[in-house]
Amino acid sequence: MTLKPPKPTFTIRQLNQIQALIITDPKPHILNPLLKTLIQSSNSNTQNAFLIYNQMLHHPLAYNHYTFTYALQACTLTHTHQKGLEIHASVIKCGHLHDLFIQNSLIHFYCVTRNDIFSAHQIFNSIIYPDVVSWTTIISGLSKCGFFREAIDMFAAMNVKPNCNTLVCVISACSGLGSLKFGKAIHGYNLRNFHEDNVILENAVLDFYVRRGSPESARHLFVKMPKRDVVSWTTMIGGYVQRGFCEEAVRVFQEMLQTKETEPNEATLVNVLSACSSISALNLGQSVHSYINSRNGFWVSNLVGNALINMYVKCGEMGMAIQVFNMLKDKDIISWSTVTSGLAMNGYGKQALQLFSLMIVNWVHPDDITFIGLLSACSHGGMVDQGLMIFKAMSVYKIVPQIQHYACMVDMYGRAGHLEEAEAFIREMPCEADGPVWGALLNACRIHGNERMFEKIKQKLIYMKGVSAGTFALMSNTYASADRWEDANKVRNDIRSMRLKKKAGCSWIEMKN
DNA sequence: ATAGGGTTAG
């Protein structure tokens with residue numbers, strides 16, 4: 001990655017000096033900035049920051065209301081939920097809960113560490129005169145938690161003048177909601193009320209148009225932006241990928257390299273690699289890989305490394321995928337799972353299971369998606385016994401099988417020709433079978449020429465509730481069987497986005513209570 | 001000396 005500026009480090013001696021100050025010369029206006037520097041220096045200093053904070057709290061002269069905002073910032077930056085709750089309690093105990101800066105810090109803390117919009121909202125409601133930061137923070141929190149509509153409603157309810165930051169949050173809520181009407185209204189508001197260039201706000205607007213508007217409107221905005229930075233370019237590329245304009249995304253990336261306006265960063269590379277994966281463009285993917293290698297001092301993070309692995313997997317180049325995998329210093333669960341399912345997809349079922357053993361030996365804990373890869377390895381490799389064993393092993397890792405796992409099992413039985421077992425498996429499932437599950441069985445009927453069962457299930461599906469989701473999934477499976485991975489992935493993405501929407505809707509009811 | 005903002009993998 002691009003070289004980051006060196007962050008200040010603290011020696012043990014300096015830490016001791018701060019600790020001595022707390023006792024000998026407890027002045028908050030000296031100690032607080034030291035605490036701030038410690039927090040903002042690096043994540044590895046967080047424990048030291050909390051140590052200093054604890055000691056300051058034990059000396060009534062050493063801290064004041066500023067101290068809590070710094071401590072809360074440390075929790076937010078490092079996602080330290082428990083410590084934040086403790087700080088919240090201390091704030092109450094010390095009688096500082098009505099400090100607006102602390103309240104705003106708390107709103108942000110609850111949104112970021114646990115997506116706890118409920119607690120955040122409680123704090124917000126306790127503020128008598130919320131300022132523009134309070135409003136912006138709660139709007140941002142709602143939007144980040146998927147309550148796009150509520151974020152926009154909050155914006156409409158504001159009784160103080162919004163600023164650029166507020167607009168950034170609400171326009172990103174419009175992107176999330178997919179409301180062209182609201183988004184354009186916010187864009188118009190922006191043009192009428194803010195005249196100075198703010199590249200962050202421009203990028204948020206750009207993101208809205210590239211994801212929700214026409215590609216031309218996004219392109220138009222992009223071209224006439226007074227200032228473009230790496231995020232502007234990445235937004236274009238990422239947005240085009242999401243919309244399925246993968247060739248266009250790669251073109252923008254090449255344009256970025258040619259114009260040399262800014263250097264791509266990690267996010268840019270992840271997005272362009274994702275474009276290459278979607279269209280199985282091996283040559284383009286390799287050229288991105290070469291570009292990465294050509295950047296001296298570029299440290300290949302897991303994010304980029306995994307994106308590379310995924311690209312090679314989707315292009316069927318398992319050799320290269322494994323080569324990148326071996327290069328990664330700290331392989332994470334995604335690295336392992338990507339290669340595992342890659343092996344499965346490319347017909348190396350046995351090797352996928354071997355890799356799983358290696359993963360366990362390396363103390364990497366499998367998750368639900370790992371098991372989807374493993375089960376599909378068994379189903380494509382005709383390894384029914386192993387598949388059953390893997391399925392049972394899920395409980396060892398405390399993973400409750402989801403509908404996708406059941407679909408894999410049905411697919412496994414079905415492909416192996418055990419149609420009766422597959423049907424029995426569906427009957428004994430603890431949850432209702434959905435489209436992909438029936439689709440797997442239908443597919444099996446087709447492979448093994450069991451027309452009687454095929455017709456029976458087809459009739460059943462027609463009368464099923466939620467046919468649209470089922471039909472989608474069925475299409476996904478049919479595509480997959482015809483080796484049209486591209487279309488299958490696309491349909492699967494549609495399902496994924498449908499599911500996300502549904503989730504947000506459910507939570508909204510919870511919040512009202 | 002305190003709070004909020006845009007792009008990131010299976």
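Here is the naming used below: chain letters follow the sequence lines, and residue numbers restart at 1 for every chain.
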How long is the line joining [atom1] of [X] and [atom2] of [N], in whole Å?
X      : N     : atom1 : atom2 : value
A/I107 : B/dG5 : CD1   : C1'   : 15 Å
A/H65  : B/dA1 : NE2   : C1'   : 10 Å
A/W135 : B/dG4 : CH2   : P     : 19 Å
A/L206 : B/dT7 : CG    : P     : 11 Å
A/L328 : B/dA9 : CG    : C1'   : 11 Å
A/D131 : B/dG4 : CG    : C1'   : 9 Å
A/N190 : B/dG5 : CG    : P     : 18 Å
A/Y70  : B/dG4 : OH    : P     : 12 Å

How would you label the contact of [X] with the nucleic acid (heavy atoms, under 4.0 Å): base, sugar-phosphate, or nothing?
X      : value
A/T268 : nothing
A/S105 : sugar-phosphate
A/I333 : base
A/K331 : nothing
A/T69  : base
A/V205 : nothing

Taking only side-chain nitrogens and oxygens of [X], does any of them come within less than 4.0 Å of OP1 or OP2 of [N]?
X      : N      : answer
A/H108 : B/dG4  : yes
A/N310 : B/dG10 : yes
A/Q103 : B/dA3  : no

Looking at the side chain of [X], which of [options] is the nearest nucleotide?
X      : options              : result
A/Q73  : B/dA3, B/dA9, B/dT7  : B/dA3
A/K314 : B/dG5, B/dA1, B/dG10 : B/dG10
A/V133 : B/dA9, B/dA1, B/dG4  : B/dG4
A/A267 : B/dA9, B/dG10, B/dT7 : B/dT7
A/K36  : B/dA1, B/dA3, B/dT7  : B/dA1
A/T234 : B/dG5, B/dG4, B/dT7  : B/dT7
A/I334 : B/dT7, B/dG10, B/dG5 : B/dG10
A/N198 : B/dG10, B/dA9, B/dG5 : B/dG5

Are the side chain of [X] and the backbone of [Y] linked by a donor-acceptor contact shorter than 3.5 Å?
X      : Y      : result
A/S217 : A/S214 : yes
A/D367 : A/T370 : yes
A/S119 : A/D116 : no

(message) Aromatic contact between A/F325 and A/W336, with the criterion being ring centroids under 6.0 Å apart: yes or no?
(response) yes
(message) Taking the ring centre of each residue, are A/Y110 and A/H121 less than 6.0 Å apart?
(response) no
(message) Over 60° means perpendicular and under 30° means parallel, so tell me whether A/Y63 and A/F68 are parallel, tilted or perpendicular.
(response) perpendicular
[N] base to [X] side chain: any donor-acceptor pair below 3.5 Å?
X      : N      : answer
A/D367 : B/dG10 : yes
A/T136 : B/dG4  : yes
A/S337 : B/dG10 : yes

(request) For the residue pair A/P26 and A/L21, establish whether any side-chain heavy-atom pair is separated by less than 4.5 Å. (result) no
